[in-house]
Amino acid sequence: MEVYEISSDNAEEFLDILGEDVVDDMKRVFYRGIGVKDDDDVAMGAFVFELKDYESDKDTKSSILFAKSSSDEVTSAMLQYYKSETVYNEDIAESFYEFLDEHAADFCQAGGFTKVEKESDFVKLTLADVAKTEFAKKRKCPDYIKSISSLSVMQYRSAIKDFLFKGQKGILEDLAYLPMTWFDREISSCSVSDGVVDGLFLVRSTPSGILIPVFYYAYGQDFMKNLVYMLVRSILKAIDTRPPETPVWVCRSKKATRDLMARVSPGIKGEQVFFGERTEN
């Protein structure tokens, strides 16, 4: 048995455990992983996390996104490597997880994490659910509300720089590093005034087909109207191009997305999940 650091270079070797969405995310700048293989080079377990506040003045945190193991021995090996190598090398002050799967939560609990139940920050719908809302009604959007595919790379990069300067990064730790191609360019929308992008609604379409809104912000005199226009345009485009059963996952950790969900689907609840944390020494 041998412990490996998982990166974009070797993530495909753990595809059967991680799945295509997590493997794709391993290309992202703040994603890290730990894996174990047996003596026959067969993957036995994997542990993936994202570094939070890594480039800020705050203490670095680790959000554990995936944990799966074939045995207690494999679990112990990955937890030991994480504690002795990764936490130290990345200067992680706190680690936390949120899992629907109790086995993954037990994995972390074996390493000294707490374990409680709570409502998830994520709510999960289908496109059919979204199609029943008032925002899915056919209506005409102004010409300045467009697909982000209409933007040049320079316009897009300038907009991202502008939004980051305003302290806006949505739910993305690595917004500054993601190319426009990482988002669904047809479903994602923008507002453009005098050649300047003053609003963005960015939607990620994962390799498995899940739609995840990740950035929703506008500024200027008409920002409220433009937020609605972008939302309507993106919903109608998604309905026109994707099957009704397409999963839509929305993270409510930011005020903009909480407000969005309150309007799109009032009263919707997240699933009960397991949450835990651990202070790192």
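Note that the numbering runs from 1 along the sequence shown for the chain. Values below: every heavy atom of this structure, side chains too, minus hydrogens, waters and symmetry copies.
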For the [atom1] atom on [X], are there more than 12 heavy atoms of other groups (residues, nucleotides or ligands in this structure) within a distance under 6.0 Å?
| X | atom1 | answer |
| --- | --- | --- |
| Asp240 | CG | yes |
| Gln221 | CD | no |
| Lys118 | NZ | yes |
| Asn10 | CG | yes |
| Asp143 | CG | no |

Apply the side chain to side chain contact (heavy atoms under 4.5 Å, CB included) test between Pro207 and each candidate in Asp21, Val23, Asp25; give the one that qualifies.
->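 Single side chain to side chain contact (heavy atoms under 4.5 Å, CB included) partner of Pro207 among Asp21, Val23, Asp25: Asp21.
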
Write down the atom of [X], the atom of [Y], and the distance for their closest heavy-atom approach.
| X | Y | answer |
| --- | --- | --- |
| Ser234 | Ile187 | OG-O, 2.6 Å |
| Tyr97 | Phe274 | CE1-O, 3.5 Å |
| Val130 | Ala136 | O-CB, 3.7 Å |
| Thr279 | Lys83 | O-NZ, 4.4 Å |
| Ala46 | Leu18 | CB-CD2, 3.5 Å |

Taking only residues two or more places apart in sequence, or in another chain, which ones meet Tyr177 in a ring-ring contact (aromatic ring centres under 6.0 Å, His included)?
->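 If we apply the ring-ring contact (aromatic ring centres under 6.0 Å, His included) test to Tyr177, skipping adjacent residues, the hits are Phe30.
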
Under 3.5 Å, side chain of [X] to main-chain N/O of [Y], donor-acceptor pair present?
| X | Y | result |
| --- | --- | --- |
| Ser84 | Gln80 | yes |
| Ser191 | Gly199 | no |
| Asp184 | Arg204 | no |
| Arg185 | Ile148 | no |
| Ser71 | Val74 | yes |
| Glu173 | Asp53 | yes |

If you measure only the distance, is there a donor-acceptor pair under 3.5 Å linking the side chains of [X] and [Y]?
| X | Y | value |
| --- | --- | --- |
| Arg242 | Ser205 | yes |
| Tyr31 | Asp174 | no |
| Asp129 | Thr126 | yes |
| Gln272 | Ser120 | no |

With a 6.0 Å cut-off on the ring centroids, do [X] and [Y] count as close?
| X | Y | value |
| --- | --- | --- |
| Phe47 | Phe66 | no |
| Tyr217 | Phe163 | yes |
| Phe107 | Phe113 | no |

Is Tyr144 reachable from Leu227 through a run of hydrophobic residues whose side-chain heavy atoms are each under 4.5 Å from the next?
-> yes

Got a salt bridge between Arg278 and Glu94, using NZ or NE/NH1/NH2 to carboxylate O under 4.0 Å?
->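 The answer is no: the pair does not qualify as a salt bridge.
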
Please lay out, stage by stage, how Val3 and Ile34 fare under the test side-chain contact (heavy atoms from CB on, under 4.5 Å).
-> CA-CA 7 Å; Val3 181; Ile34 299 166; 3.6 Å; yes

Row check, Phe14 ring normal vs Lys37 NZ/CZ: under 6.0 Å, within 45° |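 The answer is yes; both the distance and angle limits are met.
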
Value for OG (Ser189) from CG (Leu200), rounded to nearest 0.5 Å, stands at 9.5 Å

Interatomic distance, Leu178 atom CG to Phe215 atom CZ [nearest 0.5 angstrom] = 12.0 Å

Hey, does Glu90 have a side-chain heavy atom less than 4.5 Å from the side chain of Leu51?
-> yes

Does the side chain of Glu50 come within less than 4.5 Å of Arg28's, by heavy atoms?
-> yes

